[in-house]
Protein chains: 2
Amino acid sequence: MSRRSRGTGQVRIEDVAREAGVSAQSVSRYLRDPGRVGPATSARICEAISAVGYVPNLIAGSLASNRSHVVGILLPTLAIPAHAGPVEGLAAALRDSAYEVLVGTTGYDAGAEERLVRAFVGRRVDGLVLTSDVLSAELRRTLTAFAAPVVQIWELPSEPFDMAVGVSNKAVGAAVAGHFLARGHRLCAAVGHAQATDTRSAARVAGFVETLAAAGAPAPIRLDVRMPEALAQADAILARLCAEGPPSAVFCTAGQLTVALHFAARRAGLNLPDDLALMGLDSEFAALVDPPLSVVRVRTYEFGRLAGEMLIERLAGRRPETQMRDVGFEMILRAST
Amino acid sequence: MSRRSRGTGQVRIEDVAREAGVSAQSVSRYLRDPGRVGPATSARICEAISAVGYVPNLIAGSLASNRSHVVGILLPTLAIPAHAGPVEGLAAALRDSAYEVLVGTTGYDAGAEERLVRAFVGRRVDGLVLTSDVLSAELRRTLTAFAAPVVQIWELPSEPFDMAVGVSNKAVGAAVAGHFLARGHRLCAAVGHAQATDTRSAARVAGFVETLAAAGAPAPIRLDVRMPEALAQADAILARLCAEGPPSAVFCTAGQLTVALHFAARRAGLNLPDDLALMGLDSEFAALVDPPLSVVRVRTYEFGRLAGEMLIERLAGRRPETQMRDVGFEMILRAST
DNA sequence: TCGTAGCATGTTAGCGCTAACTTAGACGAC
DNA sequence: GTCGTCTAAGTTAGCGCTAACATGCTACGA
């Protein structure tokens with residue numbers, strides 16, 4: 001069974017080679033591309049591997065080949081399905097390529113992001129997926145020196161570092177504003193995310209505000225909330241909005257809070273959409289509540305999947321035809337607006 | 001700035017050593033434990049590092065020290081917050097320990113699990129967190145040979161491989177059944193998860209069924225559904241349950257489906273809890289719907305956090321006092337039951 | 001004065017693998 | 001027969017770091 005040697009006591013490639021009566025290099029070749037060794041050798045190596053119970057040491061391989069076969073992804077949190085989506089997409093895209101996914105969560109903290117990028121660079125990841133559209137000068141310097149492919153996801157940065165996959169969050173906000181205007185709303189409200197590093201939420205609100213202004217509507221009521229605490233305070237948030245207006249339509253970019261506001265509005269005796277129109281980003285329950293919620297759907301899984309594909313292209317030495325991909329969004333209009 | 005050498009063109013520890021006028025070993029010592037070099041040397045090394053822009057190659061370090069400083073975690077999917085929780089918890093527990101988290105999603109596929117474990121073993125992870133309570137003989141063999149600490153999370157296995165953090169899913173089901181019985185329900189229903197490898201959902205249903213049987217209640221109606229597709233078919237699922245009973249109480253262990261069933265029941269004109277009692281696992285919306293849902297809360301974040309702590313203990317050469325930790329659960333009784 | 005203990009630092013020898021080069025042999029064109 | 005070409009395999013020399021051992025120095029009690 002397991003044939004030990006000195007050192008760390010691991011079964012090494014040389015143990016396989018000895019067992020099969022070939023050189024270590026042939027075993028190495030067999031493992032990375034079986035077609036490059038003869039059929040008889042191939043068979044003997046295959047047998048030898050299971051005979052000695054060999055599991056290649058990918059760390060040693062990484063050092064020798066200068067390829068870690070690991071891709072890193074940084075995101076604010078995994079607790080929100082919209083952020084977990086890209087990780088799933090990335091893992092799916094890399095599944096058949098012998099790449100593994102290293103995950104770092106920043107908790108919306110820019111300092112944590114820089115620390116994690118340094119840790120990932122230290123591990124010599126072959127590619128990096130970031131959830132920030134603006135990078136500090138320090139970070140750009142680190143990444144430039146590192147020279148690995150980088151994909152920024154979620155937003156389409158005005159100054160992309162390398163590649164990007166995302167959506168124009170500003171366009172999302174503008175589309176919602178356009179929809180509200182078309183329905184005849186004038187005084188609107190926007191509920192955003194209070195995390196300063198969540199530039200995506202800020203961009204959606206900005207697009208919303210600008211479009212209303214351009215149409216001559218009054219400036220919308222604005223409120224920024226902290227998630228997930230705000231979920232339990234939906235009644236108070238709704239009351240604050242109404243106290244300043246009340247608005248006839250609310251755009252909520254803070255994830256699940258939209259559904260919570262829906263319940264709060266019903267508890268307050270408001271009829272949707274006549275007393276209040278409500279729209280937000282997609283969530284699992286948006287279609288289930290009564291009346292069902294109009295939403296903007298952004299396919300975040302695709303962010304990760306496409307990022308993975310672009311990284312693979314680059315790591316294979318090819319240059320993807322597009323460096324910046326807009327996944328777009330979908331307005332799903334239901335009874336709440 | 002960057003001082004290149006031959007080879008891969010990276011800045012190496014030796015470049016720092018030359019710049020600081022010390023040996024490479026001193027730089028290595030400084031990096032891992034600054035207290036082990038003299039203060040003057042320390043200062044010169046620190047300057048030299050930023051002067052040459054050095055980022056240690058952790059891959060080379062791993063090979064030499066036989067410690068990867070990476071921990072792997074395997075889970076069925078990240079799309080469900082209950083499964084993303086442990087990853088966050090693990091990352092949080094490891095944050096200050098210079099360990100990174102390698103994530104693998106199996107999609108409830110046992111084959112994928114074995115593949116991923118092999119890939120993680122190949123990367124020589126220092127520890128492993130698994131979301132399975134039963135391991136195949138093949139897997140046990142691989143892990144035994146690998147000899148790294150392993151924590152199984154979610155369920156408390158009858159035959160733990162090494163360490164475990166979880167909850168007795170059977171006790172969860174039993175507690176819900178007990179609650180239903182105490183409220184006078186006789187004919188109940190259990191909606192579970194159709195994925196064969198989701199033994200956690202199966203255990204909850206089993207505990208539920210056994211407790212009802214022990215109390216002499218009729219065998220509950222049982223239904224297994226596929227998630228997340230079932231979310232959109234809540235009306236049909238409710239209709240099927242009612243056609244076979246109707247039951248007076250439903251225990252739904254399939255995540256978010258409980259909330260969807262709640263809406264379906266209201267659409268069907270049923271009053272909760274008089275016409276139908278409904279209870280499930282916790283979700284963000286359970287408290288928000290009307291009437292609010294009774295739930296069982298399981299702190300999955302703690303699974304990951306405690307698993308991380310136990311791994312750190314073991315990796316530091318200590319033996320955690322308990323090898324198996326029951327995080328327990330909480331029954332939150334609201335108006336739906 | 002010596003011995004030895006303790007600390008800071010240097011030297012040596014790999015960790016397990018693969019890139020790059022080398023060799024051996026088969027085959028066919030001329 | 002000679003040469004070049006091709007394929008399959010072996011040989012050599014690291015990848016960048018750290019464990020383990022070696023060295024040199026200072027301090028201090030007997």
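Naming convention: chains lettered A, B, ... in sequence-line order (proteins, then strands); numbering from 1 in each chain.
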Original post:
What is the nucleic acid contact for L63(A), judged by heavy atoms within less than 4.0 Å: base, sugar-phosphate only, or nothing?
Top reply: base
Original post:
Is it true that E155(A) and R200(A) make a salt bridge, defined as a side-chain N closer than 4.0 Å to a carboxylate O?
Top reply: no
Original post:
Can you tell me if CZ on R118(B) sees more than 12 non-hydrogen neighbours from other groups inside 6.0 Å?
Top reply: no
**OP:** Would you mind reading off the bend of the helix from dT1(C)-dA30(D) to dC30(C)-dG1(D) from its two end axes, five pairs each, to 10 degrees?
**Re:** 50°
Original post:
Hey, are T105(A) and R95(B) close enough side-chain-wise for a donor-acceptor pair under 3.5 Å?
Top reply: yes
**OP:** Please work out if N57(B) contacts a base, only the sugar-phosphate, or nothing of the nucleic acid, heavy-atom cut-off 4.0 Å.
**Re:** sugar-phosphate
Original post:
For R67(A), does the CZ atom sit with more than 12 other heavy atoms under 6.0 Å from it, leaving out its own atoms?
Top reply: yes
**OP:** Could you check A60(B) against G35(B) and say which one's nearest nucleotide on DNA chain C is further toward the 5' end?
**Re:** G35(B)
Original post:
With nearest nucleotides of DNA chain C determined for S26(B) and S62(A) from heavy-atom distances, which residue corresponds to the more 5′ nucleotide?
Top reply: S26(B)
Original post:
Is any side-chain nitrogen or oxygen of Y30(A) closer than 4.0 Å to OP1 or OP2 of dT18(C)?
Top reply: no
Subject >> Closest to side chain of S23(A), choosing from dT11(D), dC17(C), dG10(C) >> reply: dT11(D)
**OP:** Evaluate the criterion salt bridge (charged side-chain N to carboxylate O under 4.0 Å, His left out) for residue pair E47(A) and R44(A); output intermediate values, then yes/no.
**Re:** CA-CA 5 Å; E47(A) 269 172 48; R44(A) 258 179 310 138; over 6 Å; no
**OP:** Can you figure out which of dA9(D), dC17(D), dC17(C) approaches the side chain of Y54(A) most closely?
**Re:** dC17(C)
Kindly give the atom pairs (protein nitrogen or oxygen, nucleotide nitrogen or oxygen) under 3.5 Å for nucleotides 19-21 of chain D.
from    : atom 1 : to     : atom 2 : distance (Å)
dA19(D) : OP2    : R32(B) : NH1    : 3.0
dA19(D) : N6     : Q25(B) : NE2    : 2.7

Original post:
Going by heavy atoms closer than 4.0 Å, what residues in residues 38-46 of chain B are next to DNA chain D?
Top reply: none
